[in-house]
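This report refers to the structure that appears directly beneath it.
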2 protein chains.
Amino acid sequence: MQAMPKSPPLYIQAREALMRQILEGRLRPGDFLPSEQQLANDLNISVGTVRKATDDLVTQGILERQHGRGTQIVPHTSDRSRFRFFRFVHPDGRPARLAARLLSRKTQTSTKEDQRRLSLKSNEQIIVITRSRAEDGVPLVYERIAIPAKRFEKLSIEPHRDMLEEIYVLYQKQCGEMVRASDDQVEIDLAPVAVGKELNIAAGSPVLLVKRVAVSLSNKPIEFRQSWTSALRYISHLE
Amino acid sequence: MQAMPKSPPLYIQAREALMRQILEGRLRPGDFLPSEQQLANDLNISVGTVRKATDDLVTQGILERQHGRGTQIVPHTSDRSRFRFFRFVHPDGRPARLAARLLSRKTQTSTKEDQRRLSLKSNEQIIVITRSRAEDGVPLVYERIAIPAKRFEKLSIEPHRDMLEEIYVLYQKQCGEMVRASDDQVEIDLAPVAVGKELNIAAGSPVLLVKRVAVSLSNKPIEFRQSWTSALRYISHLE
DNA sequence: GAGTGGTCTAGACCACCCA
DNA sequence: GGGTGGTCTAGACCACTCA
């Protein structure tokens with residue numbers, strides 16, 4: 001007997017079809033899906049199977065059901081999304097409310113670490129953004145953000161200006177890249193000169209360094225971010 | 001018209017009924033649930049509703065379905081559980097495999113911070129465990145663990161002995177307390193004398209300090225743990 | 001082969017939103 | 001009131017495990 005490649009369950013096929021439409025931009029954040037009944041007709045499956053397909057996407061936070069209104073692709077600007085990747089708090093546990101100020105933005109050759117973290121070839125260009133993040137005018141975090149130049153050609157942010165929007169929202173709006181998840185690594189570092197200057201601490205004093213790799217809906221690494229802070233703490237909830 | 005307290009959906013009632021049985025120890029980790037058909041009969045609901053009730057618990061990692069065998073309360077000793085709260089890696093990303101060696105175990109009065117983290121009254125007693133965690137004989141982490149004496153009376157571990165089992169497994173086996181989730185807070189500290197001594201570093205040198213509050217299935221804080229390390233990093237995956 | 005979970009259907013009724 | 005998601009049912013058939 002031949003080994004027959006068994007086709008996956010209908011609800012998984014439906015889920016992937018939806019996911020494909022989202023990834024390809026035919027369904028965009030903020031859009032509503034067709035109604036469950038409509039989808040069931042379109043795909044020639046039952047409503048229960050449509051629900052099962054969307055269940056997973058709802059759990060993943062990609063879709064949001066609104067009773068009586070419809071099912072929406074979660075816009076990255078919603079509050080939940082906005083603070084989903086937010087991980088700095090004051091020593092007393094109060095969340096830090098950080099405004100970002102752009103310091104520089106350059107296109108350059110990637111370092112070895114950039115290449116490793118972002119799965120880039122050795123000659124690939126990246127855009128490097130440095131920012132200072134402050135609360136009530138007090139700088140608390142210094143950031144270096146590396147993103148593949150190729151994917152983020154269209155990103156437009158002006159240097160030396162306050163950044164009013166979350167950068168993940170800019171990624172989505174301007175470049176169609178949506179951050180789905182991230183891996184953070186927290187370590188101790190001795191403040192580099194630029195960090196010391198920006199945070200008003202002595203260069204070489206111990207600071208927390210958070211290295212983050214953010215991945216897109218299609219699970220490709222799209223951002224490598226390093227955040228230095230001496231005054232704040234990093235928090236994480238595990239289940 | 002009177003405001004009628006509306007009864008929650010059947011699947012939620014069923015889920016909570018199951019949860020109660022687990023919390024009360026009538027269903028224990030490792031046990032199998034009655035079959036879906038059986039549960040449906042017992043509770044006078046349909047199989048579909050039983051499935052919906054258990055879906056959430058499966059997602060939360062409390063239950064595990066085994067096709068053709070049954071549905072099991074996840075034993076805390078399974079690999080997935082064992083490494084669920086495991087958050088230290090080497091700088092190269094390789095997970096640290098830490099064996100624990102118990103240094104001391106004392107019952108004493110709680111500090112202000114213990115009380116705050118564990119929601120204790122000011123006169124409540126705690127058990128304080130200190131451990132050294134090493135990989136291949138090299139000490140990498142120093143830990144102080146505080147747990148409410150009242151809940152953990154029965155905890156039996158001998159001082160100055162290697163701890164062969166995960167401590168969360170001991171909590172569960174000896175005291176019936178199952179860790180469901182934890183909140184971690186990562187900060188910089190200057191190594192206290194005891195930490196410096198145990199980790200072979202100078203007292204006062206900068207180290208990573210992870211403060212963890214672990215909560216039980218019923219969402220009560222049951223452990224406050226402080227882990228100091230200079231050689232390792234803390235990792236976290238966010239979605 | 002008996003018993004379990006896994007998928008799928010068709011349809012009922014309810015609760016909510018909005019024009 | 002018409003359309004949407006939310007709950008619930010009863011039953012079919014499949015796939016896996018274990019004796």
Side-chain angles (χ1 to χ4, degrees), chain A residues 1-19 22 27 29-75 78 80, chain B residues 1-19 22 27 29-75 78 80:
Chain A
M1 286 287 276
Q2 279 291 87
M4 275 291 279
K6 211 179 12 185
S7 74
L10 292 181
Y11 77 92
I12 289 184
Q13 295 181 39
R15 189 185 67 198
E16 312 231 297
L18 282 174
M19 204 55 203
I22 296 173
L27 287 170
D31 288 355
F32 279 84
L33 293 188
S35 75
E36 296 177 343
Q37 187 56 61
Q38 188 61 49
L39 275 174
N41 291 342
D42 293 355
L43 303 172
N44 248 303
I45 58 182
S46 76
V47 178
T49 304
V50 170
R51 276 191 78 80
K52 185 150 191 192
T54 50
D55 273 349
D56 297 348
L57 300 177
V58 169
T59 303
Q60 280 182 55
I62 293 170
L63 299 181
E64 198 171 82
R65 295 204 185 101
Q66 297 178 34
H67 195 171
R69 300 225 306 141
T71 302
Q72 192 185 26
I73 322 275
V74 171
S78 81
R80 217 184 81 265
Chain B
M1 285 292 275
Q2 279 290 86
M4 274 291 279
K6 211 178 17 188
S7 75
L10 292 180
Y11 77 92
I12 290 185
Q13 295 181 40
R15 190 185 67 199
E16 312 231 297
L18 282 174
M19 203 56 205
I22 296 172
L27 287 169
D31 289 354
F32 279 84
L33 293 189
S35 75
E36 297 177 345
Q37 187 57 62
Q38 189 59 50
L39 275 174
N41 291 343
D42 293 353
L43 303 172
N44 248 302
I45 58 182
S46 77
V47 177
T49 303
V50 169
R51 275 192 79 79
K52 185 150 191 193
T54 49
D55 273 348
D56 297 348
L57 300 177
V58 170
T59 303
Q60 280 181 56
I62 293 170
L63 299 181
E64 199 171 81
R65 295 204 186 100
Q66 297 179 34
H67 196 172
R69 301 225 305 142
T71 302
Q72 194 184 24
I73 321 274
V74 171
S78 81
R80 219 184 79 266

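Note on naming: letters A, B, ... go to the chains in the order of the sequence lines (proteins, then strands), and numbering restarts at 1 for each one. These values consider heavy atoms only, across backbone and side chains, with no hydrogens, waters or symmetry-generated copies.
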How close do [X] and [Y] get, counting heavy atoms only, and between which atoms?
X: B:A53; Y: B:A14; result: CB-CB, 3.8 Å
X: A:V50; Y: A:E36; result: CG2-O, 4.0 Å
X: B:T54; Y: B:R65; result: OG1-NH2, 3.0 Å
X: B:S7; Y: B:Q13; result: OG-NE2, 4.0 Å

Open item on the list: Side chains of B:K52 and B:L10, heavy atoms from C-beta outward: is any pair under 4.5 Å?
Closed with: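 Answer no - side chains too far apart.
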TODO: Would you mind reporting whether A:V74 and A:I62 have side-chain heavy atoms less than 4.5 Å apart?
DONE: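 No; the side chains remain at least 4.5 Å from each other.
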TODO: Kindly say whether A:F32 contributes a backbone atom to a donor-acceptor pair with the side chain of A:Q72 at under 3.5 angstrom?
DONE: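 No.
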Task: Proximity to DNA chain D (any heavy atom under 4.0 Å), residues of residues 32-48 of chain B only - done: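 Output list: B:I45, B:S46.
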Task: A:D56 and A:Q60: side chain donor to acceptor below 3.5 Å - done: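 Short answer, no.
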Task: Bounds of contact between DNA chain C and chain A, in 5' to 3' order, using a heavy-atom cut-off under 4.0 Å - done: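 Counting from the 5' end, contacts occupy C:dT7 to C:dC18.
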TODO: For A:T49 and for A:H67, locate the closest nucleotide of DNA chain C by heavy-atom distance; then report the residue assigned to the nucleotide nearer the 5' terminus.
DONE: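 The residue whose closest nucleotide sits nearer the 5' end is A:T49.
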TODO: Establish, with yes or no, whether the OP1 or OP2 oxygen of D:dC18 is under 4.0 angstrom from a side-chain nitrogen or oxygen of B:R69.
DONE: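 Looking at the OP1 and OP2 atoms of D:dC18, one of them is under 4.0 Å from a side-chain N or O of B:R69.
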